[in-house]
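Reading through the structure tokens given below for one structure.
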Protein chains: 2
Amino acid sequence: MKAISCKTCPLQECELLLPHDHERKSFLEDFKAGEMTVEPGTQILLEGAMTPNLYTVLDGMGLRDKTLRDGRRQVINFVMPGDFLGLQAGVMGEMTNSVEAVTPMRLCVFRRDDLWTLFRNQPELSYALTWIAAAEEHFLGETIATLGQRDGKERIAWALLKLFQRMQGLGLGENRRVPLPFRQQDLADALGLSLVHTNKTLARLRSEGVANWSNGHLTVPDAEALATVAVTDPEPVQKRPFL
Amino acid sequence: MKAISCKTCPLQECELLLPHDHERKSFLEDFKAGEMTVEPGTQILLEGAMTPNLYTVLDGMGLRDKTLRDGRRQVINFVMPGDFLGLQAGVMGEMTNSVEAVTPMRLCVFRRDDLWTLFRNQPELSYALTWIAAAEEHFLGETIATLGQRDGKERIAWALLKLFQRMQGLGLGENRRVPLPFRQQDLADALGLSLVHTNKTLARLRSEGVANWSNGHLTVPDAEALATVAVTDPEPVQKRPFL
DNA sequence: CGGACCCTTGAAGGGGATCAATCGACGTGG
DNA sequence: CCACGTCGATTGATCCCCTTCAAGGGTCCG
């Protein structure tokens, strides 16, 4: 498959993402070191490893997770197009969690060593990077509040709502239905619930007509109703920069 | 009280923090807009509000929290000297959680509007800011793993260990004993546990001789042992930049 | 056709929430 | 100087949400 030029990058079209001006695009063109395509199940970043690369997701989905010493797994979040991967390793030296592909993925590859020239010459992009990190921090804070305060049903409703809104913002999926190619086990590991309980709760939400996730697709008839179950304000997804 | 010059900033002395070179110090001197002292209980940043200011904690402790619409409270993390506050509001426009002082605090005040000149003229400091955001992201990821995967006893052991290590790194407290001026309720809200259960678990750890937190001070006879209870690797605290 | 993988469903047990009451420390006003 | 209210730590009793154990079913593939 032919590599994509930043100037015609499909991500520019997402209404969720802020497009770049001409100058930044040509800088990014140089910054970009290549492209990578991976199959489902591939480890893109490895916990504890030193990566020479950073990535922007062009296409496909995955998940970021972390495993305790005794094997318990926590899914930190779900990875979607537009996401920037490896910033932690980029600045801190070592990856603190793994990223794994769940569908086939296409990634834009950057070299870690070039990060420094970006900071020296591109204040706007540096700012964008900080923005991205701060936004991630925000989201993780919400997740903490969910794991700490919400009960099982609320957690699942909250997660489905977030996933639904992000997919919609990216223009993926149709009207009230978006693809969601994860396993129930992944959602369970993301929310700190057992698989069994996750399954039963999903069934309940389904029968209540609030959210239907089956066969790799999520249908949400009424996002407001789902937000109510999740005990959350329906804060709209904010536009954000990307690289 | 007289304002402190960045050139003699006491934070420079912390072994945990990376000191600045001369040039950066004089930039920071200008960047610094003033100092602020607050009493315990004061809200420094308010959820949902637009702050014109950013802060670096010079002295004292506090906590960052978030409340759900129905009143449940989640403590996101504990605030200590060297911490940079308000980055989310700084780049994203609005604060997504509150910060409250628990002890008297002294803060270094920066103007949000000046953030741009920092990014334009100080690539090293811009990098440092991104570093800080990425480090925070890392820590929140660990917290998520804790809330999602660890049981009550493990959670409390993990939190006490983290707090202990950070305080030691800052050079606060003596040998195996550091000040910890929070309430049991705060820890409970940080870990998603009830106050009652938190209390009982603290008592258990105390009687087992693993960790003793009482009268505002935490004593840890053997950090390794505590780490074992917490099911965590005793990863040493990493040096980090600050502003 | 057997195996791998995932979803589903029933039953039983436990970790932690909730309810409730006591106690100590502290400050304040009479 | 003491009565009293407040706030935080403590402890006992009860209950339930969620975990764990167990087993069955659907689909895909070699």
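The sequence lines fix the lettering, A, B, ..., with proteins before strands; numbering per chain opens at 1.
Residues satisfying the salt bridge (Lys or Arg N to Asp or Glu O under 4.0 Å) criterion with A:Arg166, sequence neighbours excluded, are A:Asp83. Every residue two or more places apart in sequence or in another chain was checked for a ring-ring contact (aromatic ring centres under 6.0 Å, His included) with B:Phe84, and none qualifies. Residues satisfying the ring-ring contact (aromatic ring centres under 6.0 Å, His included) test with B:Phe182, not counting sequence neighbours, are B:Phe78. Remark: B:Arg176 pairs with no residue by the salt bridge (Lys or Arg N to Asp or Glu O under 4.0 Å) rule, at least two apart or across chains. Applying the salt bridge (Lys or Arg N to Asp or Glu O under 4.0 Å) rule to A:Glu100 yields no partners; only residues at least two apart in sequence or on another chain are considered. Remark: B:Glu208 engages B:Lys153 in a salt bridge (Lys or Arg N to Asp or Glu O under 4.0 Å) (not counting sequence neighbours).
Backbone-only contact: A:Arg206 has heavy atoms under 4.0 Å from sugar-phosphate atoms and none from a base.
Heavy atoms only, all atoms of each residue included: B:Thr103 and B:Gly60 are closest at OG1-CA, 3.3 Å. Shortest non-hydrogen contact noted between B:Ser194 and B:Thr198 is O-OG1, 2.8 Å.
Nearest nucleotide to the A:Gln184 side chain, out of C:dT8, C:dG16, C:dC6: C:dT8.
Counting only residues at least two apart or in different chains, salt bridge (charged side-chain N to carboxylate O under 4.0 Å, His left out) contacts with residues 134-143 of chain B comprise A:Arg64-B:Glu137, B:Arg64-B:Glu136, B:Glu142-B:Lys162.
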Applying salt bridge (Lys or Arg N to Asp or Glu O under 4.0 Å), run through A:Arg150 and B:Asp70 and close with a yes or a no.
CA-CA 11 Å; A:Arg150 287 186 239 259; B:Asp70 64 4; over 6 Å; no
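Proximity of residues 65-79 of chain A to DNA chain D (heavy atom under 4.0 angstrom from any strand atom) is not detected for any residue. The stretch residues 192-203 of chain B comes close to DNA chain D through B:Val196, B:Asn199, B:Lys200, each having a heavy atom under 4.0 Å from the strand.
Atom-to-atom, CZ of A:Phe182 to C1' of C:dC7 comes out at 18 Å; the value is rounded to the nearest Å. Counting to the nearest Å, the C1' atom of C:dT8 and the CZ atom of A:Arg183 are 16 Å from each other. In this structure, B:Gln185 atom CD and C:dA17 atom P are separated by 11 Å, rounded to whole Å.
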With a 3.5 Å cut-off and sequence neighbours excluded, list the donor-acceptor pairs that the side chains of residues 47-56 of chain A form with protein atoms.
residue	atom	partner	partner atom	Å
A:Glu47	OE1	A:Thr67	N	3.3
A:Thr56	OG1	A:Leu243	O	3.0

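Between the side chain of A:Gln88 and the main chain of B:Ala135, no donor-acceptor pair closer than 3.5 Å is present. Between the A:Glu35 side chain and the A:Val109 main chain, no donor and acceptor come within less than 3.5 Å of each other.
The nucleotide range of DNA chain D contacted by chain B, defined by atoms under 4.0 angstrom from heavy atoms of the protein and reported 5' to 3', is D:dG8 to D:dA13.
Direction change of the helix axis from one end of the helix from C:dT8-D:dA23 to C:dG30-D:dC1 to the other is 30°, with five pairs defining each end axis (rounded to 10°).
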